[in-house]
Structure formats: C-alpha cells, structure tokens
Amino acid sequence: MKIAVDAMGGDFAPKAVIEGAIMAAKLLPKEYKIVLIGRQDAMLDVLHNLDYPAGLIEMVYAPDVIEMHEHPTRAFSQKPNSSIGVGFKLLKENQVQAFCSAGNTGAMMVGSLFTLRTFGNIQRPPIAGYFPLKNGKYSLMLDIGANADCKPEVLMQFAELGSLYAKFAFGIDKPKVGLLNIGEEEQKGSSVAQATHQLLKTNKKINFVGNIEGRDMFDGKADVMVTDGFTGNIIFKMGESLYDYAATQDIKDPLIDRMNYEVTGGSPIIGVKGNVIVAHGISSPLAIQNMILLAKKQIESEVTQKISEAFED
C-alpha cells in the first residue's frame, strides 16, 4: 500500500510535510510506504538532516509547484508536472492508494474533478469534516469549504455521500442525517434549506432526522450534518479559534481539544474515484502525520470503493 504526499504543499513545506511523513512512517504497518512528491533538491535538503526509515519512504520528483495564491484551474492545467498534478496522475494510475496534500485546496478539487472524476451523477464533490461530539466520537459535516453555493439537489447528494461514508468509515449501520438550519420546523430557513428539507425527507436512501440547530451539533443528534461549504467552513474555523483561545488560557477540555485541526489532520474529498485527503495550509508535522494516518484508515475501510458501488448501481 502506498500513500502519496505532496511534499511542497502547505505554508511550512517541505520541512513540516517531510517531518510529518517520517513520523507517520514510523507508525504505519510494514506493508505501507509513503511516496513524497516534490522538487528533488528541496526534499533531499530536508531528508539529509533527518533520521528516517529509508525502506518506507520513496520519492517522486516533480519540478513545479502550485502556489497557494494561484488560480486553481489555470495552474492545474498549466503545471501538469506540479507535485499536485503528479500526485493525481499516480492515484489515477493506481500506483498509489491515496493522495494527501496541505497545498492549494482549489487545485486539489480541480484534480479530483477532472483527473479522477466523480461517481455516477454526482455534480460537486464535498470536503467532509470530522466534527467532535460530547461522547468522544465524531459526526461528519459536509461541505466544509469546497462549494460555497449549493442547490438543493447538490445538498441532497451530500446527504447521500455522507450517509455512505459514515456507514463504511465509522461503522454506523443507519447513520442519522440532519440538515443544519435555524430552527427545527421544516418551514424554517432559507428557500434553499426549505427545498432541501423536502428532498431529504422523501429520500429513502438516507435516515433523515430533520433540521439540526447550532445547539444540537455537539450532542450527536445527527451522525451526518449537511450544509453548504460557506456555512461549514465558518463553523469549522470558529471551532479552531475556540481551541486556540482555550490554549492561551491553559484550558484543557476533551471536546475543545479535538477542535484542534491537528487531531484528525485532514478532511476527505468524497464522491470521487480515489482516496483524496486535504489538510490545513498551516499544517504542522503532527497534522501531516495524522492526515496520513487518516488516509490509511480510509484505504482499509474501502469506503471509496463501497461508495462507488452504491452510486454506480
């Protein structure tokens, strides 16, 4: 099993990425290898000063880098030999079983859409975030940033994708699906939320439990929380800021501690034909390590293949 990692992606790349990859390599079973993708001189300069299990680390050289500020579609098409472009090529050709990056999220979405493609009739794949619950577990929130504006039909697909992911990755037989809204009543919310509610309540593929308010989110009322990427991204970043504030006040709390982005390390892009994990641009070595371990879990759960079977039927 091989997990490809964009060594050039992130604010502190390649040093933080490579350090995190080495940390992960020491925790992975022997049948796994990490494939670092990036500029040869930059990767070798970092590796030269580190002690690492050589047999578990491979390198694939990519001369170009898609920077954070670049336009995703234009950069992806103009830089086929970028670390992101090469990573998607390896994944599509089944040379690796997962591809992870803390780089340009937009370029990761473009690669997912145009190199891997989506399953069935899925219009826009979401990024799914792990949302901490009071009971120590996680619910799945999607989307958390890829799709700021969503039509009801797209949100319904998010619900179906999230339900399948929770079933196969979390081991929940009939995941409870909730729609984030400003009230429990089905007539509440925007016109999009109201129309989405009607689609979800008649969808026999999911176990829809109704609207979820902000005060319900930590209680596990829903295993899958559906929202647009605009709202989801704000919620997740607010959680990160709450953790940061608690840390400055020396507050330790199990729930707040799991709002730290480093704990899960990354978020999967689901609904595409491959295991793709994206991470925060500010990712530390610990976050990179946990992103890679999340990719391992996703590979072993075979969640992507199982979602494929459900949507290709």
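Model, not experiment: these values are computed from the prediction.
- Atom CD of Q78 and atom CD1 of I66 lie 10.0 Å apart (nearest 0.5 Å).
- The nearest pair of heavy atoms linking L294 to G266 is CD2-O, 3.3 Å.
- Residues passing the side-chain hydrogen bond (donor to acceptor under 3.5 Å, both in side chains) test with K15 are E19, sequence neighbours excluded.
- Under the 3.5 Å distance criterion, the side-chain polar atoms of N135 are left unmatched by any main-chain donor or acceptor of G220.
- Panel note: side chain N290, backbone E262; a donor-acceptor pair is recorded below 3.5 Å.
- A search for side-chain contact (heavy atoms from CB on, under 4.5 Å) contacts involving K176 returns N207, V209, D223, not counting sequence neighbours.
- Atom NZ of K92 sits in a sparse spot, with 12 or fewer heavy atoms from other residues, nucleotides or ligands closer than 6.0 Å.
- A side-chain donor from one of Q95 and E93 sits under 3.5 Å from a side-chain acceptor of the other.
- One distance of note links OG of S190 with CG of N181; it measures 7.0 Å at 0.5 Å rounding.
- Legend: side-chain hydrogen bond (donor to acceptor under 3.5 Å, both in side chains) pairs involving residues 149-172, not counting sequence neighbours, sorted by first then second residue: Y130-Y165, E160-N203, Y165-Q298.
- Heavy-atom contacts from other residues, nucleotides or ligands closer than 6.0 Å to NZ of K89 number 12 or fewer.
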Check your understanding: Given F99 and L90, is the side-chain contact (heavy atoms from CB on, under 4.5 Å) satisfied, shown in steps?
Key -> CA-CA 8 Å; F99 177 44; L90 293 176; over 6 Å; no
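- A donor-acceptor pair is defined here as one N or O able to donate and one able to accept, closer than 3.5 Å; no such pair exists between the side chain of N260 and the backbone of V263.
- For the residue pair M156 and L199, the shortest heavy atom distance occurs at SD-CB, 3.8 Å.
- Using modelled atom types, one side-chain atom of D216 and one backbone atom of E213 make a donor-acceptor pair closer than 3.5 Å.
- A donor-acceptor contact shorter than 3.5 Å links the side chain of T118 to the backbone of I122.
- When hydrophobic clusters are built by joining Ile, Leu, Val, Met, Phe, Trp and Tyr residues whose side-chain heavy atoms come closer than 4.5 Å, directly or via intermediates, F170 is grouped together with F158.
- A donor-acceptor pair is defined here as one N or O able to donate and one able to accept, closer than 3.5 Å; such a pair exists between the side chain of Q194 and the backbone of G189.
- Remark: side-chain polar atoms of K79 are paired, donor with acceptor, to backbone N or O of V65 under 3.5 angstrom.
- With sequence neighbours left out, K237 forms a salt bridge (Lys or Arg N to Asp or Glu O under 4.0 Å) with no residue at all.
- Clustering of Ile, Leu, Val, Met, Phe, Trp and Tyr by side-chain heavy atoms under 4.5 Å joins I234 with F230.
- Other cluster members for I282: F12, Y261, joined by side-chain heavy-atom distances under 4.5 Å among Ile, Leu, Val, Met, Phe, Trp and Tyr.
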Point to revise | Test log, rule side-chain contact (heavy atoms from CB on, under 4.5 Å), inputs S139 and F218 | key: CA-CA 9 Å; S139 63; F218 296 104; over 6 Å; no
